[in-house]
Structures are given as structure tokens and as C-alpha cells.
Amino acid sequence: MWELAEKKTTPIYQQIIEQVITYIQDGTLKPGDKLPAERKLAAFYQVNRSTVVHALDELVSLGWVLRRQGSGTIVNEGNWGRSTTPRVDWRSLFTQESHPNEPFLEKIQASLNDPSAMDLYSGELPLGLIPDFRFPSYTWEELLLEEKKQSPLGYRPLQQVICQRIKAEQKIDISSNQVLITSGAQQAMFLLLQVMLQSGDSVAIEDPSFLYSLPIFASAGVKLYGVEMDREGMRVDKLEQLILTKKIKLIILNPTFQNPTGSTMSKRRRNELIKLSQKYQLPIVEDEVFSELNFSAIPPSLKELAPYQVIHLGSLSKIFGSSIKIGWVVADQDLIQRLSEAKQMMDFSISIFPQVIAHTALTDPHFEKNQAALVAALKQRAQAFCEESQAIAADWNVSKIEGGIYVYLTWRHRHLTRKDWEIFLREKIVIAPAFLFSNDTMAMRVNYTRMTAEMRQQFFLKLQTISNELRRN
Ligand SMILES: Cc1ncc(COP(=O)(O)O)c(C=O)c1O
């Protein structure tokens, strides 16, 4: 944006003036927008700073921009009417404040655009591990006939397959009217928020938790409170203190292969949690998106332990990637009805396409075999990660991996700051530091499934170099 396209005979400072005025007139720059600092503009235009200062001085005297001590150069709000095309000032019409992205997340996104960076941040399996299946070959007419199998709760054949899978895995008998198909588990969470919570309500989550960085709660005015975890999962004594002091309305947790720690809540803790939730009549939302990626025995789901107390969320995006954006909520029939009504306010029904594909994927004759092969591959990668992590064991505590896609590494030495974590980006290792999930700055989440043997070797070598630097700092 800040470069001069063609060589003109007019002096450079005039070309800069013309460009800024054009940007203001065509709406690229809006009233109140801040221009880059003088030094940066000089670097962008590859000119002396004095040339930029000259251009800005002229723009100020013409009234296009304002210069304010301490806040730089800003497009003059008073010049709104000077735009050559009439336009609406959309920003003045927004009723809610936007929630700016965490600055580190923006740096992560930028790093992910670099093909030479190692992406251990994304919450998906690598392409090579995603189970393959044959795409359905429907004619348009056949698809329209499938459309007739849609109910307000979703595509009935998919609902039925999900019911069967839940029955088989969790030994709970559920019927189709207790299952709502959604566009992923996150949409399910959003719907629960709409139906069960209002501004000012409080929700208890694990600390750390991936929910900490989701803007949906803050924008609805819902307060999140993190509950400390130990080896067995969320601490029930701490949760009870919170229930007594903060009027908690809902408990949301990810008990199996938790995002970000990868840990699984013990059976004993699950039972204690349910007892507590029954004592205070609090519903629990159990987010179980990773439970199928298990290579060790996992405790019964909370839903299985207390079918009437627990709302269960599932998703296919952790197995098939986020292109199949299909998830589901299993809950009491009345709640499912309300959630469905809330969903219909946004979109009458989910498109038939991802639902037919999800159904095909789950009923593919090779699905069970492919799923077993996937789990075996994850187990192999997890074991190799643990063995090779011996090389960095003096600097990092490595969590045990029993399934799911994440491993959590905690720095053993002095306090790390947010700035320290930028070293990883500089070394092109993209991980998720703990401060994206809590106030902690001492740990990181790594998606170990994304590493081939060669990448693992490279990762541990780089991690040793980074650790040396962190210790020196
Ligand atoms: C624990 C957990 N729950 C839910 C989601 C969202 O799942 P979906 O892609 O189905 O919306 C994620 C995605 O990262 C997750 O990690």
C-alpha cells in the first residue's frame, strides 16, 4: 500500500500527498485511521524521513490529516464529507466494541504463511494422517432427494449414525431428538451461550483452556473463571469455592486429551465433579472432540456417568480436518429443541453437502480400519516424541501423551516473558504459548501429530538451540 507505483516527474513528496488523498477519497483510509509512523513511511517509500515530514506537513495544512502529540498522524474526521463517493461510515453504526486479536496470534498467523515454518500450532491432524474415504457420487436430483431427509435437528441419516456411535462407545441410549447437528463444536458452544447465558453470567472453565482465547464469551458479556488443574484434572475444591463466590451458571470442560494440556480427567475426579454439580444443580458442558483419538483406555464420559446433568459436544473436525465442519450436541430433548430454534434464527438448516459427506465418511466400509490405522500412527508419533524428548528433558517437563493431538511442555527454569516466546517464531517453530490459554507464560502446546521423524529431529535440535538462548537471557 505504501509505495509509489510509477516513476513520475512530480516531486516525490507531492506523489505521497496525492496517494494519501486518493486513499482517503476512495475509502481505503477512513476518518480516525492512523498512518504509519514517519520512520516507517520513509522506509516503505524508500525516501528520506524529511521527504515524508514535508508531505505530512502539507497534508496537515490542507486539512486532510491531523498530527497529535503522542498518537501520530490521523486521518481528519472532519474530512469525511470530502470523499468523492458518498459512503456510509459503517464503524459509527457498530453497536458492539470489537475484540482485538491477541497480538501474538497475529504474529503466529503471519508465521503460518511462511511455508518454511514448522506448523505445530494448528489444531488439526496433518493431511497425510486424515482417514481417506470415497466421495459420494450423487446426481443433483439424488442430492435434492437427500435434502428431504433434513429435519430442523439435521440430516436424519447422520443423526442416526451419531446416535449409534455414541450408544456403542458411551453405552448411553439416546434418540435422534436428543441430537442436534451443528457446523462444528464451536457453533454448538455459541448456541449454548445464546440459550443458557446472559450478559453478566459467569462460567467455570479449566485453567488453562482453549476457551480463554475465544472471543464469543467476552462479546456476549459472559465472564470466564479458570479453575486450577492437577494431575487428575479440574480441582473440585477450587471449583466449589468459585461456585460459592462467583455465582457460576455453567461448567464447561474438555475432560479427555484437553486442549491445551493434552491431559485426561481421572474417573474419580469425574465422579467428584458430577457430585458437586448435582449438589449445586449446575449443568456441565462436556466438550469431547478428541475422545476418538485414544490409544489408551479412557474413563467413561461425563455424559455416561450422569446423562441428565451433562451436555455433550462432539465434532468431526479433529479427525477429518475443518473442511468437514460438522459437530453435534447431545442433550435433554427440551434443550435440543431450544438450541435448534436459536440455530434457525441464524440459518434455517445446515447445508446438506457437509452432512452427506460426514455421513459418507462415517459409514465408509473402511472407516473402522482407517480409524485404527490413524490411532496406531498417532501412538507411534507420540512414543517417538516422548523418547526423543529426552534430549531436552533438563529444560522442559513433557506431559504424558495418551491420545489426542497435543503435548504440553513446561519450562523448568526462571520465569519466561511473552517476549521470550518470539524466539520460537524467529526460529520458524510455530507453537502455542500458554498465555493464549491462561495467565501462565511458562509452557507451550505442541501438536505432536504434525511431525514426521525428520521434522521431529529438526524440532528437537532447534528446541535445544532455543533453550540455550532462553537460559542465557
Ligand atoms: C477442545 C475443542 N473444542 C471445540 C473445538 C472447535 O471444534 P469445531 O472445529 O468442531 O468447531 C476445538 C477446536 O480447536 C477444540 O480444540
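Just so it is clear, the model here is predicted, and its values are computed rather than measured. Just so you know, ligand 1 is whichever comes first in the structure, and atom 1 is the first atom listed for that ligand.
Residues Tyr406 and Phe257 place their aromatic rings such that the two centres sit no closer than 6.0 Å.
Glu292 places no side-chain N or O within 3.5 Å of a backbone atom of Gln371 that could act as its donor or acceptor partner. Side-chain atoms of Ser213 come within 3.5 Å of backbone atoms of Phe210 as a donor-acceptor pair (strictly under, hydrogens ignored). Between the side chain of Gln355 and the backbone N or O of Tyr155, at least one donor-acceptor pair lies under 3.5 Å.
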Anything under 3.5 Å between an N or O on ligand 1 and a protein N or O? List each pair with its distance, or write none.
residue: ligand 1; atom: 3 (N); partner: Asp287; partner atom: OD1; Å: 3.2
residue: ligand 1; atom: 3 (N); partner: Asp287; partner atom: OD2; Å: 2.5
residue: ligand 1; atom: 9 (O); partner: Ser317; partner atom: OG; Å: 2.7
residue: ligand 1; atom: 9 (O); partner: Lys325; partner atom: NZ; Å: 2.8
residue: ligand 1; atom: 10 (O); partner: Ala185; partner atom: N; Å: 2.7
residue: ligand 1; atom: 10 (O); partner: Ser315; partner atom: OG; Å: 2.6
residue: ligand 1; atom: 10 (O); partner: Ser317; partner atom: OG; Å: 3.0
residue: ligand 1; atom: 11 (O); partner: Ala185; partner atom: N; Å: 3.1
residue: ligand 1; atom: 11 (O); partner: Gln186; partner atom: N; Å: 2.9
residue: ligand 1; atom: 11 (O); partner: Lys325; partner atom: NZ; Å: 2.9
residue: ligand 1; atom: 14 (O); partner: Lys318; partner atom: NZ; Å: 2.9
residue: ligand 1; atom: 16 (O); partner: Asn259; partner atom: ND2; Å: 2.8

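Between atom NE2 of residue His413 and atom OG of residue Ser467 there is a gap of 7.5 Å, rounded to the nearest 0.5 Å.
Within a 6.0 Å radius of CZ in Arg231, no more than 12 heavy atoms belonging to other residues, nucleotides or ligands are found.
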